[in-house]
Chemist: 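What follows is a structure written as structure tokens; I'll ask about it next.
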Amino acid sequence: MRYRVIAAVIAALALGVVVATTASASTKTTHTLTVWLQVDAQNGWPSVVAAANTAFENANSGWTVDVQYQTWGTHLQNFDATIAGNDTPDVIEMGNTEMTKYMAAGAFANITANKGQFPNSSHWLAGLAKSSMYQGKLYGVPYYAGSRLVTYRTDMFKKAGIKRSPRSLAAFKNDLARVKTKESRIKGFSPFYMAGTDWYSALSFVYDYGGSIAAYRNGKWVGTLSSKKSIAGLTAYKQFFNATSPKSARTLNEANPAPYTVFSQNRTSAIFGPGWFSCCTGAKYKSVTSQFVMPSHVAGKSMPGFLGGSDLAVPGQSSQQSQAREWIADFTNTTNEKALQAVGNIPNATNLLNNSVNDRAAQASWFVPTAKYWVNVENGNILRTMLSQILTGKLTVKQAASTADANIAYTLNQP
Amino acid sequence: MGFRVTRKLGWNAIGLAVFAVMAFPVFWMISTAFKSDDQINSFTPTWFPLHPTLAHFSNAIHQPNFGADVLNTLIVVPVAVVIAIVLAFLAAVALAKYRFKGRKLFIVAMIGVQMIPGIGLIIPLYVMLAHVPVLGIDLVGQLSGVIVVYVSAVLPFSVWTLRGFLLGIPKELEEAAMVDGSTRLGAFIRILLPLVAPGLVATSVFAFITSWNEYIFANLLLQRQGHQTITVWLSYFFGSQKATDWGALMAASTLIAIPVVIFFLLVQRRIAFGLTAGAVRG
Amino acid sequence: MGAAAEAVSKRPRQRPFNWRRTRRGTVPYLLIFPVVATLAAILGYPLYQLFRLAFERYGLPELIAHHGVYVGLANFSSVLHDSIFWHTLLRTVVFTVAAVGLTIVLGTLMALLLVRVSGWVRILITVSLVLVWAMPPVVAVQVWNWMTNVQNGVLNYILTELHIGDYFQHNWFETPFSQLAMVTTLIVWGALPFVAITVYAALSQVPHELIEAAEIDGARAWQVFKDVTLPVIQPVLLILTSLSILWDFGVFTQAYLLIGQAAIVPANYVMSVYLWEEAYFKTDYGRGAAISILMLASVAILSVFYVRRMLRVGEVD
């Protein structure tokens, strides 16, 4: 009898909680604008988000902005689920390499006619703007960008007698060799640290020599890594890597270990990666860390850096599209973009660029082929496999590039 | 007598060695939470931080929505576990003690359901919860939606496991406990409960931990900040493109493991060895 | 009280109360009804959808249009003709056998150990087991990464310091085999607590005086285990084995995160990673459904022996 009573009480409690949590459903007397931003905003520039929300809510009484933070690993699967369930957000942040697939499938609203509504839209960074367009129509608004730089130890370079940042790749190689002789006591030291399969960095060499990854010809995608220029770039990469980076890194990727971690362990004097790498180079070396733009093999020029970044799009399913566009305009206005710049991002328009090393790096940049299935090439690690084969010598540069070309073409030409 | 003591010492030594090996990664997690950033990344491992810092714990707690998300999880998980264990126990009694048509089918279904890769069910489940048929409510974004998913995730193996524990009760114990020849189902269950308590504990601990650490569905169904569970909160530490604050992540993980340990310590007394030994002697 | 109990236990196998006779019709159905209703309500529709999707082309455009295109067996055909599917299946079976074997054997040994140690050691071990168990998988993966890191991992450090060899900057993730070996150690380590604690709970149901009687009769430890302990814990062991097979066959988080998206290639796929990469990552839900069903069939075949044993154990009297 006692147990039955206890069981009944537990059941009632449980039921009560369930009902309570259901009943506390948001009684929407106001309108809500749902915005999906990546958690980078919450960690990095919460004041910018707050400013945009305030501006929007002041201009639209009775409206609240509900910002829901996403993580890069799961946000696309979650987006797919909301598409299926008919409750997509009104604004969504997409990585610039993620855009094409969704644009091609018709997930986003066509905002070509509204381009003028967005601040600085006539000066948008070419690389970002390209990622927001599909077949001539605009589907997204550039949000911010990031390029690639060399982060280095000023004290080690000074000790090696290097007075200024190298003007060419060959000069850089020599500089690194000089650092190496000076720091040979440190076990496991290597003047440059780069993960061998870090294609974001490696393919800069390809583009530096005028090569490319793929091209759209005669209605089909063709891999162009085995073109003469691309091969020259890949060969230059192999030589540079072998001369300056540790052998143990040949098959590693940039996630593990992170280059800045190796830097903070005093095991290298220079790394190549996004500008924000300087955040985590170790408290000990904060005062002796600086950055410069990676030099091209052509003296006096910069090597093009991979232009990463994000765009903001309005899902086609949203029934509040004009409000969504208004919020985006508030979020990407000049003040906010300058605030993003202040925390180490590259703003979305050329007229906002200053002379910081970060913004200078964006002057020469490259971007991935804007193909519908490009993400499948990335996720399939085709480029990483190629780089691993090249650096370990398993295949010659030409063989590895040809294999990659075939795989890329196969993947991109899927129906 | 001396031999016994030596044997005990021997077993204890092995036990401590097992403890050391199993607990090492946990120790690494906890000690990292107290290390400075430089010590975390140092080239030679830092075993014990000589100057432990509480900065990571402070950062962790001050991440947005920590308190709210802990509360949400403290609602979702115990409710799901209680519901699941109660339902599973009833079904397990039926499976272990009764013969009825469809019994085999039910058992096979319990194990069959677990063979389905969960990833395949994500989107259909979301679509269904967004517009629940018959009731017509929207459970997306509601804690009850997540509770409902966790109950169904945990039920099959709970039924399966509890059935095994019930089957394992030696006949003598059952018969001895039923001396008064009671015929009511309620009394029947009352007799079985203490005998199967260890199994209930083990199963409920598993249900608790599985629900506590579940991420995919919580992340999918709960989007509003402050209305999420603690695993989603944790994912924000490493979901950005920028560098992960490992110290804060380890501190956060240590903190959210505490309720689980407390729950276990509360129930582990029931798995006392020899619990049932006294019953037969009366 | 004692006399009555003795009288009862001395009676031949005739029970004072026959469970199976009274109201056999409705009681068991009432007992299983809540579970059946709950699972049917929550999983019914999604399962139906999963089976339907397997016969449709359902990519991103179809998702947006809320309408799939019927393609019959094309998804199944495409998967079954994919050599990667078969290689992955074989690799996953081998991986499952290794992981489950290690988990069950080591877990049972650990449970037997728990019985024999002093109370304080037992608490120490069980609390650490619960902490291991409670550790979020992503955190466990990261700790594993740190321990096995090329640059500064403790594993390399310890092995080199103990002069077992020169493991300076040794890469524990060099080949697909070593990658999967690392994944196996992580999974076995994470699975041991549940097995150890559950078997320990089952061991508590073994009548103590039976063990003592056997030991007095001169039986050795292994015989005691085989004749007295094993029959009592056998149902639980069978359950744990079959559950472990299911879980390890379908494991995703550790296999995916430990190797890392950047290093995942067909050569180190396990089935759920294959499902994720080849279907869901590419937004091909029809293919994903087909692979899910094939996975279900595969693991059913793999575990059928244990499931049948399980069913037969319950057939007693």
Side-chain angles (χ1 to χ4, degrees), chain B residues 11-12 15 19 22-23 25-26 28-29 43 45 87 90-91 93-94 97-100 106 111 114-117 119-121 124-125 128 148 152 155 157 159-161 164 167-168 170 172 175-176 178-179 181 183 198-199 202 206 209 213 253 257 260-261 264 268 271 273-277 282, chain C residues 1-2 4-5 8-9 16-17 19-20 28 31-32 34-35 39 42-43 45-46 49-50 113 115-118 121 124-125 128 130-134 136 139 143 152 154 157 194 197-198 201-202 204-205 207-208 232 235-236 239 243 246 250 272 275 280 288-289 292 295-296 299-300 307 314:
Chain B
W11 289 122
N12 281 352
F19 163 74
M22 285 299 287
V26 179
W28 201 255
M29 173 183 89
F43 195 67
L87 297 186
L90 296 177
V93 166
K97 300 296 168 194
Y98 288 80
R99 254 193 215 166
F100 57 95
F106 180 63
I111 211 168
Q114 295 183 80
M115 294 184 187
I116 300 160
I119 312 174
L121 299 175
L125 201 65
M128 187 191 78
V148 141
S152 58
L155 263 181
F157 99 86
V159 171
W160 201 217
T161 310
L167 287 174
E172 302 80 29
E175 288 168 4
M178 283 160 9
V179 150
T183 62
F206 189 114
I209 293 181
N213 282 336
S253 309
V260 182
V261 176
F264 176 73
Q268 60 87 29
I271 323 183
F273 177 73
L275 175 73
T276 55
Chain C
M1 195 56 157
V8 167
S9 57
F17 167 52
W19 308 110
R20 282 139 194 80
L31 289 174
I32 69 169
V35 171
L39 290 176
I42 298 167
L43 296 178
Y45 173 78
Q49 282 291 59
L50 186 72
L113 179 69
V115 168
R116 284 160 176 70
V117 294
S118 313
V121 179
L124 206 59
I125 296 182
S128 75
V130 172
L131 280 172
V132 170
W133 200 356
V139 176
V143 173
N152 65 342
V154 274
Y157 183 77
F194 177 53
I197 289 178
T198 310
S204 71
Q205 290 179 324
H208 204 240
V232 176
V236 172
I239 293 169
L243 285 176
L246 298 191
S272 55
L275 172 65
Y280 294 113
S292 299
M295 274 179 76
L296 193 158
V299 78
V307 175

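We use all heavy atoms of the structure for the numbers below, so side chains are in, but hydrogens, waters and symmetry mates are not. Computed from a predicted model, the values in this text were never measured in an experiment.
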Chemist: Contact part of B:Trp28 toward chain C, heavy-atom cut-off under 4.5 Å: side chain, backbone, both or neither?
Modeler: side chain
Chemist: Is B:Ile209 close to chain C through its backbone or its side chain, or both, or neither, when contacts mean heavy atoms under 4.5 Å?
Modeler: side chain
Chemist: Where do B:Ala202 and C:Ala201 come nearest, in terms of heavy atoms and distance?
Modeler: CB-CB, 4.3 Å
Chemist: Can you sort out the partners of C:Leu296 under side chain to side chain contact (heavy atoms under 4.5 Å, CB included), two or more places apart, ordered by chain and number?
Modeler: B:Met115, B:Ile116
Chemist: If I measure from the heavy atoms of chain B, does C:Ala289 come under 4.5 Å with its side chain, its backbone, both, or neither?
Modeler: neither
Chemist: Under a 4.5 Å cutoff for heavy-atom pairs, which residue among C:Leu131, C:Leu43, C:Leu275, C:Val307 has the most contacts with chain B?
Modeler: C:Leu131
Chemist: Do B:Leu125 and C:Ile42 have side chains that get closer than 4.5 Å, going by heavy atoms?
Modeler: yes
Chemist: For B:Ala94 and C:Pro28, work out which heavy atoms get closest and say how close.
Modeler: CB-O, 3.8 Å
Chemist: Heavy-atom pairs under 4.5 Å with chain B - which of C:Pro136, C:Pro235, C:Gly250 has more of them than the others?
Modeler: C:Pro136
Chemist: Side chains of C:Ser272 and B:Pro117: does their closest heavy-atom pair fall under 4.5 Å?
Modeler: no
Chemist: Would B:Ile111 and C:Leu246 satisfy side-chain contact (heavy atoms from CB on, under 4.5 Å), going step by step from the backbone distance to the final call?
Modeler: CA-CA 9 Å; B:Ile111 211 168; C:Leu246 298 191; 3.8 Å; yes
Chemist: side-chain contact (heavy atoms from CB on, under 4.5 Å), that's the test. Do C:Leu31 and B:Tyr98 meet it? Break it down for me.
Modeler: CA-CA 10 Å; C:Leu31 289 174; B:Tyr98 288 80; 4.2 Å; yes
Chemist: Can you give me the closest heavy-atom contact between C:Leu243 and B:Phe157, atom names plus distance?
Modeler: CD2-CB, 4.0 Å
Chemist: Assess the residue pair C:Val35 and B:Phe106 against the criterion (side-chain contact (heavy atoms from CB on, under 4.5 Å)); give the C-alpha distance rounded to whole Å, side-chain angles, the decisive distance to 0.1 Å, and a yes or no.
Modeler: CA-CA 10 Å; C:Val35 171; B:Phe106 180 63; 3.9 Å; yes
Chemist: Taking all heavy atoms of C:Pro46 and all of B:Pro124, pick out the closest pair and write down the distance.
Modeler: CA-CB, 3.6 Å
Chemist: For each of B:Pro45, B:Ala257, B:Ser253, tally heavy-atom pairs with chain C at distances under 4.5 Å, and name the one with the top tally.
Modeler: B:Pro45
Chemist: What do you reckon, are the aromatic ring centroids of C:Trp133 and B:Phe206 less than 6.0 Å apart?
Modeler: yes
Chemist: Could you walk me through whether B:Phe19 and C:Val121 pass the side-chain contact (heavy atoms from CB on, under 4.5 Å) check?
Modeler: CA-CA 9 Å; B:Phe19 163 74; C:Val121 179; over 6 Å; no
Chemist: Can you see which heavy atom on C:Val143 is nearest to which on B:Pro25, and at what distance?
Modeler: CG1-O, 3.7 Å
Chemist: The criterion is side-chain hydrogen bond (donor to acceptor under 3.5 Å, both in side chains); which residues satisfy it with C:Tyr157, sequence neighbours excluded?
Modeler: none
Chemist: With rounding to the nearest 0.5 angstrom, report the CD1 to CG distance, C:Ile32 to B:Leu87.
Modeler: 12.5 Å
Chemist: Atom CG in B:Leu121, atom CD in C:Gln49: separation rounded to 0.5 Å?
Modeler: 11.0 Å
Chemist: Which heavy atom of B:Gly15 sits nearest to which heavy atom of C:Val117, and what is that distance?
Modeler: CA-CG1, 4.4 Å
